[in-house]
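Below: one structure, written as structure tokens.
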2 protein chains.
Amino acid sequence: MANISERSPDEAVSVLSENAEQRNDLNFCQACSVRNRAICADLDDHEVELLNGIGRRRHLDPGETLLWEGEEAIFVANVVSGVMKLSTQTSDGREQILGLAYPSDFIGRPFGETSPYSADALGEVVVCVFRRMDFERFAHEHPRLERKLLERTLSELDKTRRWMLLLGRLNAEERLATLLLEIFSRNTAPMCGYASPQDNDHFELPMSRQQIADILGLTIETVSRQFTKFRDEGVIAMSGRRRVTVRRREVLEALAK
Amino acid sequence: MANISERSPDEAVSVLSENAEQRNDLNFCQACSVRNRAICADLDDHEVELLNGIGRRRHLDPGETLLWEGEEAIFVANVVSGVMKLSTQTSDGREQILGLAYPSDFIGRPFGETSPYSADALGEVVVCVFRRMDFERFAHEHPRLERKLLERTLSELDKTRRWMLLLGRLNAEERLATLLLEIFSRNTAPMCGYASPQDNDHFELPMSRQQIADILGLTIETVSRQFTKFRDEGVIAMSGRRRVTVRRREVLEALAK
DNA sequence: TGCAGTCTTTGAGGCAGATCAAATTGGTTC
DNA sequence: GAACCAATTTGATCTGCCTCAAAGACTGCA
């Protein structure tokens with residue numbers, strides 16, 4: 001199933017526009033754009049070098065899957081650039097997106113037999129992949145990393161629980177407002193490393209209407225109608241299908257609970 | 001706000017029916033009913049003794065709150081007996097229950113400034129409370145505990161994500177079936193420590209219809225109608241409002257996705 | 001520049017679950 | 001065991017979102 005065991009740092013780096021990362025593939029950590037924000041941030045140079053030795057850069061095409069729900073959990077990874085979606089399915093095929101992973105986010109399930117979700121690339125993605133076993137061993141030997149992983153997992157849990165409020169209690173309008181603000185803040189965050197950092201008030205949606213619907217627990221039609229509504233009300237403006245300009249941020253903020 | 005800083009191990013122990021725990025309050029860990037399943041399971045005798053020194057037993061009455069959402073995160077705790085609910089609210093007062101904490105479950109937010117949720121007792125509850133700072137220091141010094149906390153947090157995250165599928169994609173019938181099975185399995189699990197361990201096929205609901213509605217993201221009326229439906233179909237039987245007998249488990253299992 | 005294919009928007013209608021209102025029940029107290 | 005109160009159930013109606021269907025608009029490619 002999982003067909004990503006080949007090492008392909010070269011091809012991975014080749015799609016990056018950041019020059020610093022094209023130097024070589026033997027110590028890419030040092031030039032990594034998420035080096036200071038990812039789970040490896042607290043490690044010293046020596047530790048980074050060791051980590052570098054067990055990790056591999058990998059490029060994912062849009063739609064490509066890194067982890068399959070229910071499959072053996074072979075890999076863990078850091079997102080370097082692009083956005084990935086984490087999703088799960090009911091036995092009869094309904095999909096629920098569990099969250100998005102942005103640059104510097106950690107994905108995978110350490111200390112678990114099987115992957116609790118599928119992880120696939122929304123657009124072009126570069127990840128830093130570790131064999132789960134290697135990563136676990138490294139974490140054992142380097143408490144700082146383990147600690148960092150704990151802190152990340154705790155805040156991931158907080159974030160996930162906040163999302164439960166959205167799925168359980170918010171209406172379609174409030175849900176879309178919440179998502180737009182989240183993407184907005186992720187894109188305008190300093191040094192976010194995602195695609196081309198956007199200035200001030202507009203950004204590119206990293207996913208299709210259908211994917212937005214899956215994230216929000218709605219249908220594509222309902223999502224589309226809400227976009228139209230926001231546009232008609234002058235809350236946002238759109239050019240093309242994915243470029244959004246936020247015109248009245250305060251309206252979105254009042255809606256996002 | 002948080003008014004639980006007084007130490008009250010005596011009163012806490014007094015409400016327990018388990019004789020072993022009534023001995024004294026100086027080393028209650030040794031006699032603790034969740035000793036082998038809680039986060040402290042991997043600690044050796046010496047470590048348990050140290051942990052014992054910083055923790056306090058505390059009794060909570062039904063409805064009493066241990067943690068307030070948004071307040072400073074002063075405490076973390078283990079549930080010893082009873083069931084607690086973790087919940088969050090929208091700014092306009094809609095509540096969403098984030099999960100239930102059963103005996104041996106860990107609650108609170110280590111390494112965080114404020115509590116991301118409220119935690120209150122559904123019925124009579126006994127918890128083992130630690131000041132967050134004390135607990136964090138202890139965790140730092142005892143990697144086995146930190147490791148255990150990491151593992152727990154990771155599986156809590158898995159559980160929470162599975163719940164997102166319920167809130168995002170399941171209908172009322174499927175939601176109630178899922179909850180009934182969860183409570184059922186928690187109650188019949190060996191050594192569960194909750195109230196009176198139930199035999200075979202019937203159990204006591206630890207919460208009201210309104211609370212079930214909040215957990216499932218439904219209204220009380222819809223929950224009530226689903227109970228009636230399950231009863232009419234012979235899937236469950238009820239005596240009183242809270243005692244449930246599961247008659248056709250396979251029907252519930254087919255519904256729970 | 002035109003065509004094909006896919007994604008998105010729009011429209012019409014239906015339905016699950018919400019809302020509002022009233023009746024019933026179970027549990028508690030005296 | 002009667003009376004009271006809160007919790008629950010039941011009924012009637014409404015509505016937000018879903019479903020189904022079709023038109024429209026981007027994108028890539030020849």
Side-chain angles (χ1 to χ4, degrees), chain A residues 61-63 85 90 92-96 122-124 166-180 204-233 235-244 255 257, chain B residues 61-63 85 90 92-96 122-124 166-180 204-233 236-245 255 257:
Chain A
D61 289 320
K85 70 163 202 203
T90 57
D92 59 352
R94 282 169 280 179
E95 181 184 38
Q96 175 64 50
L122 284 181
E124 302 282 339
L166 176 139
L167 293 176
R169 289 287 180 240
L170 302 196
N171 64 27
E173 185 182 36
E174 295 166 333
R175 292 183 195 201
L176 185 57
T178 305
L179 182 67
L180 289 177
E204 188 98 5
L205 292 172
M207 73 290 272
S208 69
R209 296 285 185 277
Q210 182 58 62
Q211 286 167 333
I212 291 176
D214 289 334
I215 292 171
L216 298 178
L218 299 169
T219 59
I220 184 174
E221 294 94 334
T222 299
V223 169
S224 177
R225 282 182 243 270
Q226 290 303 328
F227 266 107
T228 304
K229 187 152 162 289
F230 281 151
R231 192 157 39 69
D232 292 350
E233 294 169 352
V235 177
I236 61 170
M238 306 214 53
S239 67
R241 283 161 169 169
R242 295 199 168 193
R243 180 157 298 276
V244 179
L255 285 169
K257 299 297 157 37
Chain B
D61 289 320
K85 68 163 201 202
T90 57
D92 60 350
R94 282 170 280 178
E95 179 183 41
Q96 175 64 50
L122 284 181
E124 303 282 341
L166 176 141
L167 293 175
R169 289 286 180 242
L170 302 197
N171 65 27
E173 185 182 35
E174 294 165 335
R175 292 182 195 201
L176 185 57
T178 305
L179 181 67
L180 289 177
E204 189 97 5
L205 292 172
M207 73 289 273
S208 70
R209 295 287 184 276
Q210 182 58 61
Q211 286 166 332
I212 291 176
D214 290 334
I215 291 171
L216 298 179
L218 299 169
T219 58
I220 184 174
E221 294 93 335
T222 299
V223 169
S224 178
R225 281 183 244 271
Q226 290 302 329
F227 265 108
T228 304
K229 188 153 161 289
F230 280 150
R231 192 158 38 69
D232 291 350
E233 295 169 350
I236 61 170
M238 306 214 53
S239 66
R241 283 163 168 168
R242 295 199 169 194
R243 181 157 296 277
V244 178
T245 305
L255 286 169
K257 296 300 155 42

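A note on names: the letters A, B, ... follow the listed sequences, proteins ahead of strands, and every chain is numbered from 1. The model shown is predicted, which means the values in this text are computed figures rather than measured ones.
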Please walk me through it: do A/Leu255 and A/Arg175 pass side chain to side chain contact (heavy atoms under 4.5 Å, CB included)? CA-CA 8 Å; A/Leu255 285 169; A/Arg175 292 183 195 201; over 6 Å; no

Assuming nearest nucleotide by heavy-atom distance, tell me which of A/Gly240 and A/Thr222 is located more 5' along DNA chain D.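 It is A/Thr222 whose nearest nucleotide is closer to the 5' end.
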
On DNA chain D, compare the nucleotides closest to A/Glu173 and A/Arg241; which residue's is nearer the 5' end?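 Looking at the nearest nucleotide for each, A/Glu173 comes out on the 5' side.
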
Given D/dA21, C/dC20, C/dG17, identify the nucleotide with an atom nearest to the side chain of B/Leu218.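 When the side chain of B/Leu218 is considered, C/dG17 is the closest of D/dA21, C/dC20, C/dG17.
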
Select one nucleotide: of C/dT8, C/dA18, D/dT8, the one nearest the side-chain heavy atoms of A/Ser208.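 Among C/dT8, C/dA18, D/dT8, the one nearest the side chain of A/Ser208 is C/dT8.
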
Mind calculating the distance between [atom1] ([X]) and [atom2] ([N]) to the nearest angstrom?
| X | N | atom1 | atom2 | answer |
| --- | --- | --- | --- | --- |
| B/Lys229 | C/dG17 | NZ | P | 9 Å |
| B/Ile220 | C/dA18 | CD1 | C1' | 13 Å |
| B/Leu205 | C/dG26 | CG | P | 15 Å |
| A/Asn171 | D/dC18 | CG | C1' | 15 Å |
| A/Glu221 | C/dC7 | CD | P | 14 Å |
| A/Arg225 | C/dA12 | CZ | P | 11 Å |
| B/Leu167 | C/dG17 | CG | C1' | 15 Å |
| A/Met238 | D/dA25 | CE | P | 15 Å |

Base, sugar-phosphate or nothing for B/Thr228? Non-hydrogen atoms, less than 4.0 Å. sugar-phosphate

Nearest 0.5 angstrom please: B/Leu216 CG to B/Gln211 CD, how far? 12.0 Å

Quick check: closest heavy atoms across B/Met238 and B/Phe227, and the distance to 0.1 Å?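 So the two residues come closest at SD-CD2, 3.6 Å.
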
On the side chain of B/Arg209, is there an atom forming a donor-acceptor pair with the base of D/dA7 - under 3.5 Å, no angle test? no

Before you tell me yes or no, could you show the steps for B/Gln226 and B/Leu218 under side chain to side chain contact (heavy atoms under 4.5 Å, CB included), namely the whole-Å CA-CA distance, both residues' side-chain angles and the distance that decides it to 0.1 Å? CA-CA 11 Å; B/Gln226 290 302 329; B/Leu218 299 169; 5.8 Å; no

Steps toward side chain to side chain contact (heavy atoms under 4.5 Å, CB included) verdict (B/Leu166, B/Glu174): CA-CA 8 Å; B/Leu166 176 141; B/Glu174 294 165 335; over 6 Å; no

